[in-house]
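Values below: all heavy atoms of this structure, side chains included; hydrogens, waters and symmetry mates excluded. In what follows, every chain begins at residue 1, and chains take the letters A, B, ... in the order their sequences are listed.
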Amino acid sequence: MKVSMKWLKEYADIPMTAEEYESRMIMTGTGVEGTEFLGAELENVVVGRVLTCRDHENSDHLHVCTVDVGEEEALQIVCGAPNVKEGLLVPVAKIGAKLPGGHVIKKGKLRGVESQGMLCSGPEIGVPVELYPSVGDAGLLVFQEEYPLGTDVRTIFGLDDTVIDFEILANRPDCLCVWGVARETAAAMGTELKLPEIKVQEVGDDIADYARVEVLESELCPRYAAKVVKNVRVAPSPAWLRQYLHACGMRSINNIVDITNFVMLETGHPMHAFDLDKVEGRHIIVRKANKGETLTTLDGKEHALPETALMICDETHPTGLAGIMGGEESEITEDTKTILFECAAFDRTSIRLTSRAMGIRTESSGRFERGVNPQTCMDALLRACQMVNELDAGDVVSGVIDLYPNPAKPVVLDVNCKRICTRAGVEVNPEEMKAILEKLLFQVEVNGENMKVTAPAFRQDIEQEADICEEVLRYAGYDRIPITHLKGENPMGGLNEKTRNQKMLRTLLSGMGFYETMTFSFVSKKAIDMLGMPQDDRRSKPLMVLNPLGEDTACMRTTMLCGLLKTLSTNMKNGNVDGRIYELGATFDAINRTAENLPTETPSLAIGMYGNADFYSIRGVVEALCKENGIQYKIEKAEEKYLHPGRQTKLMLGDEMLCVLGEVHPDTAEKFDLPGRAYVAEVNLSVFFQAIRPMEMVKSIARFPAVQRDLALVMKEDVLVGPMMDALKSGCGALLEDIRMFDVFRGVQIGEGNKSVAFSFTFRSADHTLTEDEINKLTNKALKIAAEQFDAHIRA
Amino acid sequence: MDIRENLDLISREMHEALENVGSLQELEALKVKVLGKKGSLTALLRSMGQLSPEERPKAGQMINVAREELTAALEEKQQALSSAEKEMRLKKEAIDVTEPRDLPLVGTVHPTQLVLNEVLSCFEGLGYEVVEGPEVELDHYNFELLNLPKNHPARDAQDTFYIDDSIVLRTHTSPVQARTMLTKKPPIRIVCPGRVFRADEVDATHSPVFHQIEGLVIDKDVSMGDLKGTLDAFAKRLYGDDIEVRFRPSFFPFTEPSAEVDLTCFNCHGKGCKMCKGTGWIEVLGCGMVNPKVLEMCGIDSSVYSGFAFGIGLERITMLRYGIKDMRLLYEGDLRFLRQFR
């Protein structure tokens, strides 16, 4: 919300520096986003009169002038403009002057003649044409009016003004205008609020003879107020008005349109002016659009109208999009004779939806979306008529049309000062509270520690005691809030189970050299499809986002792999050696819904490795995580398309899958742009966390010695070592303490298609030292199992 | 020769030989030569048989004394030799202790998580319980119970991703607070960390996915002062004892009164620098007293209970903490970036 300080100061004095003012406003809730001095690019350019003007002896187009800038001595200035002549009043850039674009005027000689400055054209001083119409003329800018010599030209163009861009909070649409900021300013400064007294001179007649208004949608248009002006004299606006509009970022059109914009900026009420002679039957009807209706708006574009759009119509067709933009047909032109000023309140949702649907956003629609207060429409309407009087832009017809079937009642609250203080944490006595609230134009009756507070009509945000508390606190000062500590009982804080478990996983993975990554929770459908999962796999049917930013945010991840593979690719391509990464996050199941119809969210862990790693390293990582948590699983065959068919497995916990892991399939690697082998694992943490077993009691340390026997067994290549070890373990019974594989050998010595696997058996008894005989029996048993069940025989 | 002379001879010879012994092996040989089964002293001992019974005890004593003396000399030499040898070995084994080697692999948690861990441990210490909720959330919890009814303009500010009319990607972790208030009786003291979503295009300071941690306290007579005290403790714990908090009036639909909270710039300690744009303050979080309407909607009697809530953007404080200029780094997972954290 940009506000001209000149304009603002008409209504509230600011007896402090700009910095102090801004900081005071910020601390009372009106943020400042930026400050701009309009004349920052134009310095030391003054009004001067050309006293003499002669031709330059060494040039066919230059002139040598003497110019009076109100100083003791006239300046000699060489000028090339063809229209320069004696007696003109012109802008003079003195030595050291700054012009837009960063030009600095220096003393110099032009073809041998000294020049002490420059006479300026309109474009050279960069003033927009709406601030001073003749800046558009060719050649030297010539002032039409008399100004004292030496006057800073910025005062002529209204560039001696500062514009502050205020940040207005969402609950304070009443501050989106000069009056609103002035109200806060006066309260913050403790100065008097000097809003104008609104008086309108009317010429008689009766508005009823000029126009009729009918509102068919009073829900969407709670108030429609109108005044008529006849004998309209459309003309350019005076300089001050053009300058105010310019400072606030609006263009001057003509006096009538400028009045509507001026009033909008000043009061916050968007207004519209209709050429009443172009309104069929001089009858305005507020209704929704009919099927097939179109409207050509002020900007000359024709729009098809959605049937939900609220329209301002005459007896035959739409003449304006309510609250958004007027129609071209009833636009104010030089020939306009009679106008109707509209100041209405429209439903913000309706305006927002229509504005969205039609892709039209205007200053007006933006204000209606944030909420325009129906209670204050009349002030704005009458202010517009007062401006018509002041600018002599027409004759205001007596009477007013005001359709306001359900006027809002004043908000009256009974509040308790003690409760307010408790909430605020600040001691403010009732008298101080009253003073603060009255400064903010509330009416207050104090009754002991209770108060009856009536909110001013322009404040639609006041609904409850807590709102009064905020008002009091804003002006008592947020700095007065003390630092205190919670009383009451001291509860036991702590992590919940999931975050505690995740923390444990992070600790373990950090210790194993893994780095945590984070990727987005949404992925593209394409990325999921690249994993080649079957179409009936749930992971191929993700939860779709209704309004994604693009393909990459189209669906919620059903697996962590897409993000993981992308991160692996990034790192491999960036030449980072030996990548070890993981991510903790949720995956989403669109099919399996909760009782609340929300998708099931499964906490998951994805792990990825490349470089100094192989299948067994990633399996080892997951196994270590399981071991650390007392989780016992079964290793089973997996058939994931995205993994190498011969290098993948899954860890199962009964029927539930704990983890799938393996080497990335070369096709997947190619699709995800992985320039080498990579290994991935995805762990279902909801299964994992449930399987965590607390640690049991410690076992006593064995007292009798262990005996170790190493055996190398030769077997066919396709014999699986895992099941074989399981069989050996269960076959040898309790005396076999441990069995460990320590070598695999392949070579001609043992024959093609065979492998020799070396195991180390550790035997131990809890109650005696094993005898040689016992040990031999045990090894023979092991050899028998190996031979009978796995066709594996001791290596010769 | 009598025994005495023999002993002297043996002793002299051995002491001479000892002088020249350079290794434990030579020493062992010498020991055998003198004290071994066939050694000179042993031979002398055996020759005692030829002596008269009267002479024997005296001779035996002399031999024993000599034996002890010789054994002690040998032992002394052995100790000298073995410590010299050990010294030699250690000297040989000296290595270049400055030679580099690969370190054991130690990874680290994500920088955002590092900061979250600090924040969590602070609030755990203050007695807050961690509560989580779904990331895909009902509109009802994400908006309606938080005083953001349908078509409320503040909803637009949050640029929501929708799944359908009633399901959204949560735009803040506040729905966890609403769920907690509906299920748990006061006093409530919780923090809710989590992932949130807003339809913002990716750039250096925006991401459609980011993380928040929000806190909620509901009890009797809770005040803005208690809120300031809590956040002051938090700020000092995270950034140091010289950090002050400043409250500025603000607006959030679910709190009233509301405040933006600035902390003393932890880069310049309030003097004014580039990071704080010369103000000496850094905007870090939003907070306020829970709007009584929210309490009522969540089934808590607002005439008995009040409370405060605050919300912190984790990426923002992470970027401030580590001087990260581009938010995208947090989501790319480039190890050249991640390996810098500890």
Side-chain angles (χ1 to χ4, degrees), chain A residues 26-29 169-171 349 369-370 422-425 464 466-467 469-470 473-474 478 481-486 488-491 493-496 498-499 506 509-510 513-521 543 545-547 549 553 567 570-571 574 576 579-581 586 588 596 598-599 601, chain B residues 105-110 112-113 123-124 126-132 134-136 138 151 153-154 161-164 167 187 189 195 199 201 208-209 217 219-226 228-230 232 247-251 256-257 259 289 291-292 306 330-336 338-339:
Chain A
I26 290 168
M27 290 310 287
T28 53
L169 297 171
N171 62 332
T349 305
E369 282 183 32
R370 290 191 63 172
T422 305
R423 189 175 186 83
Q464 50 179 345
D467 299 322
C469 175
E470 180 168 81
L473 193 53
R474 279 201 301 139
Y478 272 47
I481 303 170
I483 286 176
T484 56
H485 296 288
L486 287 168
E489 68 182 77
N490 261 323
L495 300 179
N496 59 343
K498 185 181 137 209
T499 33
R506 285 188 173 99
L509 286 161
S510 287
F514 284 80
Y515 287 85
E516 185 180 14
T517 61
M518 286 184 183
T519 66
F520 288 175
S521 305
L543 189 71
V545 176
L546 204 60
N547 55 334
L549 290 172
T553 58
T567 312
T570 303
N571 280 296
N574 286 342
N576 300 330
R580 291 175 165 226
I581 57 170
F588 302 84
E596 287 175 319
L598 289 173
E601 295 182 20
Chain B
L105 288 175
V106 180
T108 181
V109 301
H110 191 272
T112 310
Q113 187 68 35
F123 284 108
E124 269 181 78
L126 292 171
Y128 287 71
E129 199 184 328
V130 175
V131 182
E132 293 181 295
E135 292 175 15
V136 179
L138 292 174
N151 292 315
F161 283 116
Y162 284 89
I163 298 297
D164 59 33
I167 300 178
R189 204 181 280 196
R195 193 167 258 227
E201 293 286 353
V209 173
V217 170
D219 207 338
K220 287 174 183 159
D221 295 332
V222 175
S223 78
M224 280 293 265
D226 299 339
K228 204 178 203 174
T230 302
D232 181 70
F247 276 31
R248 267 184 294 121
S250 189
F251 169 74
E256 188 75 36
M289 299 298 293
N291 193 319
S306 56
L330 295 172
Y331 291 95
E332 263 167 18
D334 192 322
L335 287 163
R336 291 171 296 178
L338 296 175
R339 282 176 177 153

- Given side-chain contact (heavy atoms from CB on, under 4.5 Å), test A:Tyr515 with B:Thr108 step by step and report yes or no. CA-CA 5 Å; A:Tyr515 287 85; B:Thr108 181; 3.4 Å; yes
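- In this structure a side-chain-to-backbone donor-acceptor pair under 3.5 Å is present from A:Glu516 to B:His110.
- For the options B:Ser250, B:Ser306, B:Ala259, heavy-atom pairs under 4.5 Å to chain A are most numerous at B:Ser250.
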- Message: Under the criterion side-chain contact (heavy atoms from CB on, under 4.5 Å), I'd like the reasoning laid out for A:Met518 against B:Val209: C-alpha separation, chi angles, the key distance, then a yes or no.
- Response: CA-CA 10 Å; A:Met518 286 184 183; B:Val209 173; over 6 Å; no
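- The side chain to side chain donor-acceptor pair (under 3.5 Å) check on A:Asn576 picks up A:Asn571, B:Asp334, with sequence neighbours excluded.
- Most heavy-atom pairs under 4.5 Å with chain A: of the set B:Glu256, B:Arg189, B:Glu132, this distinction falls to B:Glu256.
- When heavy atoms are compared at a cutoff of 4.5 Å, B:Leu330 approaches chain A solely by way of its backbone atoms N, CA, C and O.
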- Task: Evaluate the side-chain contact (heavy atoms from CB on, under 4.5 Å) criterion for residues B:Asp219 and A:Leu486: first the C-alpha distance (whole Å), next the side-chain angles of each, then the deciding distance (0.1 Å), finally the verdict.
- Result: CA-CA 9 Å; B:Asp219 207 338; A:Leu486 287 168; 5.8 Å; no
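- Contacts between A:Phe514 and chain B at a heavy-atom distance below 4.5 Å involve the backbone alone (N, CA, C, O).
- Of the listed residues (A:Gly425, A:Gly494, A:Gly29), the greatest number of heavy-atom pairs within a distance under 4.5 Å of chain B belongs to A:Gly494.
- Nearest heavy-atom pair across B:Gly229 and A:His485 is O-CE1, 3.9 Å.
- Without hydrogens or angle criteria, A:Ser510 side chain to B:Val106 main chain gives no donor-acceptor distance under 3.5 Å.
- A distance of 4.0 Å separates CG of A:Leu598 from CG of B:Leu138, quoted to the nearest 0.5 Å.
- Ranked by heavy-atom pairs under 4.5 Å with chain A, the list B:Glu201, B:Met289, B:Arg336, B:Lys220 is led by B:Arg336.
- Using a 4.5 Å cut-off between heavy atoms, A:Ile481 contacts chain B through both its backbone and its side chain.
- Of the possible donor and acceptor atoms, one in the side chain of A:Glu601 sits under 3.5 Å from a partner among the backbone N and O of B:Glu135.
- The two residues A:Thr422 and B:Ser223 have their closest heavy-atom pair at O-CB, 2.9 Å.
- If you measure heavy-atom distances from A:Pro599 to chain B, the contacts under 4.5 Å come from the side chain alone.
- Chosen from A:Thr484, A:Thr519, A:Ile483, A:Thr517, the residue pairing most often with chain B at heavy-atom distances under 4.5 Å is A:Thr484.
- Between chain A and the options B:Leu105, B:Asp232, B:Val222, heavy-atom pairs under 4.5 Å are most frequent for B:Leu105.
- The side chain to side chain donor-acceptor pair (under 3.5 Å) search around A:Asn547 returns none, not counting sequence neighbours.
- Interface residue A:Leu495: backbone and side-chain heavy atoms are both found under 4.5 Å from chain B.
- Side chains of A:Ser521 and B:Arg195: a donor-acceptor N/O pair is present below 3.5 angstrom, by distance only.
- Looking at B:Pro292, both its backbone and its side chain come within 4.5 Å of chain A, counting heavy atoms on both sides.
- Taking all atoms of both residues into account, the shortest heavy-atom contact from A:Thr567 to B:Glu332 is CG2-O, 3.5 Å.
- Across B:Pro249 and A:Ile26, no two heavy atoms sit closer than the pair CD-O, 3.7 Å.
- Remark: A:Ile581 CD1 to B:Leu338 CG distance equals 8.5 Å, nearest 0.5 Å.
- Only the side chain of A:Gln464 has a heavy atom closer than 4.5 Å to any heavy atom of chain B.
- Looking at B:Arg248, its side chain never comes within 3.5 Å of a backbone N or O of A:Tyr478 through a donor-acceptor pair.
- Smallest separation of non-hydrogen atoms from A:Arg423 and B:Pro257: NE-CD, 3.8 Å.
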